[in-house]
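So the structure is just underneath, and the comments pick up after that.
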There are 2 protein chains.
Amino acid sequence: MLHDPAQLDLMFQALADPARRQMVDRLSRGPASVSQLAEPLAMSLSAVVQHLNVLEASGLVRTEKLGRVRTCRIEPQALRAAEHWINERRLAWERRLDRLGDFLAETKDEP
Amino acid sequence: MLHDPAQLDLMFQALADPARRQMVDRLSRGPASVSQLAEPLAMSLSAVVQHLNVLEASGLVRTEKLGRVRTCRIEPQALRAAEHWINERRLAWERRLDRLGDFLAETKDEP
DNA sequence: ACAATACTGAAGTTATCGCTTAACTATTGT
DNA sequence: ACAATAGTTAAGCGATAACTTCAGTATTGT
């Protein structure tokens, strides 16, 4: 259920923005509140919340609110899905190159 | 030289569009001309060329023109760089979880 | 030489993005 | 009770993105 093309779309779109990638990077070192995520970013808290919503909609980040603080954490399964998409394409290409190499090697010294 | 944040930015931005991912997908099965790339896409050839330029600027695709046909192929190194970025963040998170698990296991049955 | 092919480039349009400000709600600390 | 903290929501705005059409340029096949 993670290969849903619509979800993949949201994930890559989410990763396309440098601020959002910075947020993911921060979260890869551990959970954080919204203000903690915002702290290194040169933009309003409001803007950060909007980025966070994009990340959450994409499935890359999950958040949980306790009292007045919203704690955010990475969803590794979603990261894995994006990773997997790229990996499959790259491997398909590289396997193709290998087969081509074999073919050339076999054909080289023939009658 | 592949971890240049600007290049990473271009790559993720390039992958954010479904049409461009479809083009990358097609190219993962082997080189193709611009028209071949355009064929399954419901848009003008001109639009495809624009997408292709984005892909090329990002380093994900390399093209070469012979006569009147431009042949496009995937650049696996660039794909690997994007893959790597995601992988590092995911692993950082998972290692963190592991350490946390170890800590809890050690602390569990103590005086 | 002429027509068809395979792009290329510019201009214009519409929609979406990434922000800002401002006003608001809910929780917590004194 | 009051103020400070933490986040939310809506409106608006300028910039960019994803197209379109149309007019052009090389190349190639007949």
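The chains referred to below are lettered A, B, ... by the order of the sequence lines, with proteins before strands, and numbering in each begins at 1.
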Compare all side-chain heavy atoms of [X] with those of [Y] and state whether any distance is below 4.5 angstrom.
X       : Y       : answer
B:Arg96 : A:Pro31 : yes
A:Gln22 : A:Asp17 : no
A:Lys65 : A:Thr71 : no
A:Leu60 : A:Ile74 : no

Should the pair B:Glu39-B:Arg26 be classified as a salt bridge under the 4.0 Å nitrogen-to-oxygen rule?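 Here B:Glu39 does not pair with B:Arg26 in a salt bridge, since their nearest N and O are not under 4.0 Å apart.
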For the pair B:Glu88 and B:Arg95, find out whether any cationic side-chain nitrogen is under 4.0 Å from an anionic carboxylate oxygen.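 Looking at B:Glu88 and B:Arg95, the cut-off is not met.
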What stems show up for DNA chain C when you take Watson-Crick pairs (N1-N3 plus N6-O4 or O6-N4) and G-U wobbles (N1-O2, O6-N3), both under 3.5 Å, and require three or more consecutive pairs?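 Stem segments, range with range: C:1-30 with D:1-30.
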[atom1] of [X] versus [atom2] of [N]: gap in Å, rounded?
X       : N      : atom1 : atom2 : answer
B:Leu15 : D:dA17 : CG    : P     : 15 Å
B:Leu66 : D:dT28 : CG    : C1'   : 14 Å
A:Leu55 : C:dG18 : CG    : P     : 11 Å
B:Met23 : D:dA18 : CE    : C1'   : 13 Å
A:Asp17 : D:dT16 : CG    : C1'   : 13 Å
A:Gln13 : C:dT16 : CD    : C1'   : 9 Å
A:Met43 : D:dA15 : CE    : C1'   : 15 Å

Please determine whether salt bridge (Lys or Arg N to Asp or Glu O under 4.0 Å) holds for the pair B:Glu94 and A:Arg80, giving the CA-CA distance in whole Å, both sets of side-chain angles, and the decisive distance to 0.1 Å. CA-CA 11 Å; B:Glu94 286 172 351; A:Arg80 196 179 275 121; 2.8 Å; yes
It should be established whether A:His51 places a side-chain nitrogen or oxygen under 4.0 Å from OP1 or OP2 of nucleotide C:dC17.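 No, no such contact exists.
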Strictly under 4.0 angstrom, non-hydrogen atoms only: write out the protein contact profile of nucleotides 2-12 of chain C, one letter per nucleotide from the 5' end, B, S or -. --BBSBSBB--
Begin with the C-alpha distance, continue with both residues' side-chain angles, and end with the deciding distance and a verdict on salt bridge (Lys or Arg N to Asp or Glu O under 4.0 Å) for B:Glu83 and A:Arg90. CA-CA 9 Å; B:Glu83 213 178 318; A:Arg90 183 172 61 79; 2.7 Å; yes
Minimum heavy-atom separation for A:Ala81 to A:Met11, with atom names?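 Taking A:Ala81 first and A:Met11 second, the nearest heavy atoms are CB-CE, 3.8 Å.
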